[in-house]
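Quick notes on the structure that follows.
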Amino acid sequence: MQTNEKKKVLSCIQPSGMLTLGNYLGALINWKNMQNEFDCTYAVADLHAITVRQEPAKLRQQIYSTCALLLALGIDPANNTLFVQSHVAAHSQLAWLLSCYTQFGELSRMTQFKEKSLKHADNINAGLFSYPVLMAADILLYQPDLVPVGADQKQHLEIARDIAVRFNGIYGNVFTVPEPYIAKTGARVMSLQDPSKKMSKSDENINSWVAMLDSKDDIIRKFKRAVTDSEAKVCIGENKLGINNLIGIYSAITGKSAQDITNEFEGKGYGDFKITVGEAVAEELRPIQEKYNTFIADKKQLEDIYKEGAVKAEYTARRTLSKVMKKVGFVL
Ligand code: TRP
């Protein structure tokens, strides 16, 4: 590889439900930052979303909404590839091929499958089981060097790497084996109501999570109610999960260190701190929300953008798929 060639990055996000502050600080903020340094391909993983039952009208809305939000974040579709997974048929096609190189046993060991089977006991479908194979296809089609993933997706990236290594072992070098990318910025955001758990939009208590599209009042109200400890000292501590979380959020947004934050709130109570964090979050999200409103109001423009993205993605995806098919022995 030439040294002046940018490394390739691939990531996808599901369009299920509202994106949260956790998605933003845990992943999306890095999607935006990475686009200057890397050659990035980003997709809305709509095929993954139907492993749990979706209402058609709602799913449609969420796909549009996720595209609009990615654009609002500042992801530039001219210099990156931004598309909807189901628009590039090669994802489903490669997923089938790879499923014949993936063992029942290794899929059975996936923690997310075990968790989701418990949660959706009435709908343990084959798609839920083979979900990591589709994810492997998403990744391997684009030969990325790096895949940014959160802790909960690490096991899935690991299996994608295993599949790639196995396939390469049989047929020669077909796939780039991607590395996980752990970003320097951002934060792992915990629930505001139970800071031992990750912030999640599926949490029934709406005060536990902040949506990227929440109003300023809602955001501040949720932060005011955030669960903390009784020490009343803004600093990192072992038994201060709530405060640690708020410091992490404030730090990710302002770039201030935990020590700076402790100094800033010396002698002040948690009330002040919570309001400051809430205001900083609202202020961070405000310009994104404004841009989101313009993108979502113009469906035609949105469609033009994701269709163009699919054409670009298709080109790379087709090349990999043809190579794989030839190697396996299909006639083209
Ligand atoms: N499974 C990921 C999630 O739920 C989304 C995803 C689908 C993904 N395909 C991917 C992430 C490929 C990274 C790479 O978060």
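Whatever order the structure lists ligands and atoms in, that order sets their numbers, starting from 1.
Cation-pi geometry between K312 and F83 is not met: the NZ or CZ atom fails to fall both under 6.0 Å from the ring centre and inside 45° of the normal. At least one test fails for K274 against the ring of Y270: distance under 6.0 Å to the centre or angle within 45° of the axis.
Atoms CG and OG, on N205 and S200 in that order, are 11.5 Å from each other to the nearest 0.5 Å.
In this structure, E179 pairs ionically with R161, as a charged nitrogen and a carboxylate oxygen lie closer than 4.0 Å.
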N/O pairs closer than 3.5 Å, ligand 1 and protein:
unit_1   : atom_1 : unit_2 : atom_2 : d
ligand 1 : 1 (N)  : Y131   : OH     : 2.7
ligand 1 : 1 (N)  : Q153   : OE1    : 3.1
ligand 1 : 4 (O)  : Q14    : NE2    : 3.2
ligand 1 : 4 (O)  : Y131   : OH     : 3.1
ligand 1 : 9 (N)  : D138   : OD2    : 2.6

Can you list, pair by pair, the side-chain donor-acceptor contacts under 3.5 Å of residues 107-114, counting residues two or more places apart and other chains?
unit_1 : atom_1 : unit_2 : atom_2 : d
S108   : OG     : F104   : O      : 2.6
T111   : OG1    : Q155   : OE1    : 2.5
Q112   : OE1    : Q153   : NE2    : 3.1

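Residue I236 places its CD1 atom among more than 12 non-hydrogen atoms of other residues, nucleotides or ligands, all under 6.0 Å distant.
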